[in-house]
Structures are given as structure tokens and as C-alpha cells.
**Student:** 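Shown below is the structure under consideration.
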Amino acid sequence: GYLAARLATLRNEIVRALEGYHIALERFQAQGDETGMDSCRKDIGFHHYLTGDIRRARKEMRKLWGKEHEDPFFPLEVAIYLTLFAAILGDHEDAESVRDRFLAGLDAAGASVPERMAAKHWLDFTLAYSFYCGGDFPLALEMNETCLAFFKAVNMEPVLPLAYFQTALS
């Protein structure tokens, strides 16, 4: 089930994890558990990314765009993945569009300034990769440095190693 798939992920057994998420998805479908189904779909999409099948990852993640979820971070996580997958696939316009639509949705929902700033910097950090891949190194560096400074200022320690790495590449 779902927990076995999560454990396989932690063990870096990606194919086994994918199989587990598909089994869990079927169980959640039988139960009519939308939250469980959407969580599995997100994990399935992410694991396709880990296998290098970015197009399939993007296709799976698009199914989740705009869906409500019990986890308040879920919609942002979907937006981050969609921005990243678009950037990797060289679809800069879609990467920017996802970012802009997500932030506009936060504005429309009356999100707090801290919530909006955190989302903006997460999405900008992902979008910077698109500029890097497109050869706009000065803009990618500027975006990465801005995001790194924000992540440090708000003590987002789990993302700091990746932020330092990506900024150094810029």
C-alpha cells in the first residue's frame, strides 16, 4: 500500500515505489478517497520524474492542477513540479504561466503576505532553472540569489543545500 511505497521511496527503490503507489491508488479509488487518490497521483508523477520520464510526470501532475487537498502545501507542490517539468522540457512559457496563475490564485483567495512570499520564492527558484537552461545566466543568478536570501532569512533549512547548489551553478 501507500506506506510500503513511501518506504520504497526512502530506500531509493523507485520502480518498486511506483508499483506500490499504483496499488495504493487502486485501493483509494475503491474507497472513494479523493485525498488518497490525489496524493498517490502526485507521488506517481514525482516518481516518473525520478525515472527520467518528464513528459509522463508532467502529464500526471497536470491532472492535479487546481485540486483542493487536506494538505495546504499540496497545491503549491503541484505548481512547483509543473514549473520544474516545464523548465526541464524547455517550455519556458508554460513554466511562467503556471507560476503566474498560481500566484494570481493566491491573491484571489486573499493569501497572507508571508504565504504569498514563500510561494513566490519557491516558484521563482524553480523558474530560475528555466532561465538557466535558456542561457540567461545573469537572470538565473539574480533569481537564485534572491531566493537563497529569502530561504535563509526565513530559516527554510531543508531547501538551503539545493538553493546553494543551484545558485553556484548559475
**Student:** With a 4.0 Å cut-off, would you call Arg27 and Asp33 a salt bridge?
**Tutor:** no
**Student:** When hydrophobic residues are tied together by side-chain contacts of less than 4.5 Å, even through go-betweens, does Val113 share a cluster with Leu106?
**Tutor:** yes
**Student:** Any chain of hydrophobic side-chain contacts (each under 4.5 Å) joining Phe74 to Phe28?
**Tutor:**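 No; tracing contacts between hydrophobic side chains, which count when under 4.5 Å, never links both residues.
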**Student:** Is any side-chain heavy atom of Tyr2 closer than 4.5 Å to one of Ile23?
**Tutor:** no
**Student:** Cluster question for you: counting only ILVMFWY and a side-chain heavy-atom cut-off of under 4.5 Å, with indirect links fine, are Leu103 and Leu127 together?
**Tutor:**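 Per the 4.5 Å side-chain linkage, Leu103 and Leu127 are not co-clustered.
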**Student:** Which distance, rounded to the nearest 0.5 Å, do you find between the CD1 of Ile14 and the CG of Leu50?
**Tutor:**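 If we round to the nearest 0.5 Å, Ile14:CD1 and Leu50:CG are 4.5 Å apart.
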**Student:** Would a 4.5 Å heavy-atom cut-off, applied to side chains only, mark His47 and Ile44 as touching?
**Tutor:** no
**Student:** Between Leu123 and Leu76, is any pair of side-chain heavy atoms under 4.5 Å apart?
**Tutor:** yes
**Student:** Going by salt bridge (charged side-chain N to carboxylate O under 4.0 Å, His left out), name the residues that satisfy it together with Arg101, two or more places apart in sequence or in a different chain.
**Tutor:**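 Partners of Arg101 under the salt bridge (charged side-chain N to carboxylate O under 4.0 Å, His left out) test: none.
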**Student:** Between Thr51 (side chain) and His48 (backbone), is there a donor-acceptor pair under 3.5 Å?
**Tutor:** yes
**Student:** Run Tyr81 and Arg62 through side chain to side chain contact (heavy atoms under 4.5 Å, CB included) and show every step you take.
**Tutor:** CA-CA 9 Å; Tyr81 287 139; Arg62 278 185 170 158; over 6 Å; no
**Student:** What heavy-atom pair brings Leu141 and Ser170 nearest, and what distance separates the two atoms?
**Tutor:** CA-CB, 3.6 Å
**Student:** Are Leu84 and Val159 joined in one hydrophobic group, where the rule is that I, L, V, M, F, W and Y side chains link up if heavy atoms are under 4.5 Å apart?
**Tutor:**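 Yes, same cluster.
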**Student:** Step by step, work out the side chain to side chain donor-acceptor pair (under 3.5 Å) result for Glu96 and His92.
**Tutor:** CA-CA 6 Å; Glu96 279 192 308; His92 179 76; 3.2 Å; yes
**Student:** Do Thr9 and Tyr21 come close enough that some side-chain heavy atom pair is under 4.5 Å?
**Tutor:** yes
**Student:** Considering all heavy atoms of both residues, which atom of Ala95 and which atom of Ala87 are nearest to each other, and what is their separation?
**Tutor:**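 So the two residues come closest at CB-N, 4.2 Å.
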**Student:** Let me confirm one number: the CG-CG distance from Leu148 to Leu160, rounded to the nearest 0.5 Å.
**Tutor:**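 The CG atom of Leu148 sits 6.5 Å away from the CG atom of Leu160.
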**Student:** Nearest 0.5 Å, what's the CG-CG distance between Leu25 and Leu18?
**Tutor:** 11.5 Å
**Student:** What closest approach, in Å, do Cys147 and His121 show between heavy atoms, and which atom pair accounts for it?
**Tutor:** SG-O, 3.3 Å
**Student:** Under 4.5 Å between side-chain heavy atoms, hopping through other hydrophobics if needed: is there a path connecting Phe73 to Phe151?
**Tutor:** yes
**Student:** Between Ser130 and Thr126 (side chain of the first, backbone of the second, donor and acceptor by atom type, cut-off under 3.5 Å), is there such a pair?
**Tutor:** no
**Student:** With side chains defined as the heavy atoms from C-beta onward, is the minimum distance between Tyr164 and Lys152 less than 4.5 Å?
**Tutor:** yes
**Student:** Starting from the C-alpha separation in whole Å, work towards a yes-or-no answer on side chain to side chain contact (heavy atoms under 4.5 Å, CB included) for Phe150 and Phe125.
**Tutor:** CA-CA 10 Å; Phe150 175 82; Phe125 179 65; over 6 Å; no
**Student:** Atom CG in Leu7, atom CZ in Arg16: separation rounded to 0.5 Å?
**Tutor:** 7.5 Å
**Student:** Would you indicate whether Lys59, at its atom NZ, is surrounded by more than 12 heavy atoms from other residues, nucleotides or ligands within a distance under 6.0 Å?
**Tutor:**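 No, not enclosed.
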**Student:** For a quick test of reading the model, state the closest non-hydrogen atom pair linking Ala128 to Ala140 and the distance between them.
**Tutor:**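 Taking Ala128 first and Ala140 second, the nearest heavy atoms are O-CB, 3.6 Å.
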**Student:** Drop me the distance from Asp107's CG to Arg116's CZ, to the nearest 0.5 angstrom.
**Tutor:** 4.0 Å
**Student:** Would you name the heavy atoms of Ala57 and Gly45 that are closest together and state the gap between them?
**Tutor:**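 So the two residues come closest at CB-O, 3.1 Å.
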**Student:** Could you list all the salt bridge (Lys or Arg N to Asp or Glu O under 4.0 Å) pairs where at least one residue sits in residues 122-146, not counting sequence neighbours?
**Tutor:** Arg99-Asp124, Lys120-Asp124
**Student:** Provide the closest heavy-atom pair for Glu157 versus Pro161 in the form atom of the first, atom of the second, distance.
**Tutor:**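 Of all heavy-atom pairs spanning Glu157 and Pro161, the closest is O-CD, 3.5 Å.
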**Student:** Distance from Thr83 atom OG1 to Arg58 atom CZ, nearest 0.5 Å?
**Tutor:**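 So the OG1 of Thr83 and the CZ of Arg58 are separated by 10.0 Å.
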**Student:** Can you pull out every salt bridge (Lys or Arg N to Asp or Glu O under 4.0 Å) where at least one residue sits in residues 66-88? Sequence neighbours excluded, please.
**Tutor:** Glu34-Lys67, Asp38-Lys67, Lys42-Glu77
**Student:** Does the side chain of His69 pick up a donor-acceptor pair with the side chain of Thr35 at under 3.5 Å?
**Tutor:** no
**Student:** Are the side chains of Tyr49 and Met61 in touch, meaning some heavy atoms are under 4.5 Å apart?
**Tutor:** no
**Student:** Could you check Val98 against Trp65 for side chain to side chain contact (heavy atoms under 4.5 Å, CB included), going step by step and ending with a plain yes or no?
**Tutor:** CA-CA 9 Å; Val98 167; Trp65 177 255; 3.7 Å; yes
**Student:** Step by step, would you call Asn144 with Tyr132 a side chain to side chain contact (heavy atoms under 4.5 Å, CB included)?
**Tutor:** CA-CA 10 Å; Asn144 282 320; Tyr132 176 82; 5.8 Å; no
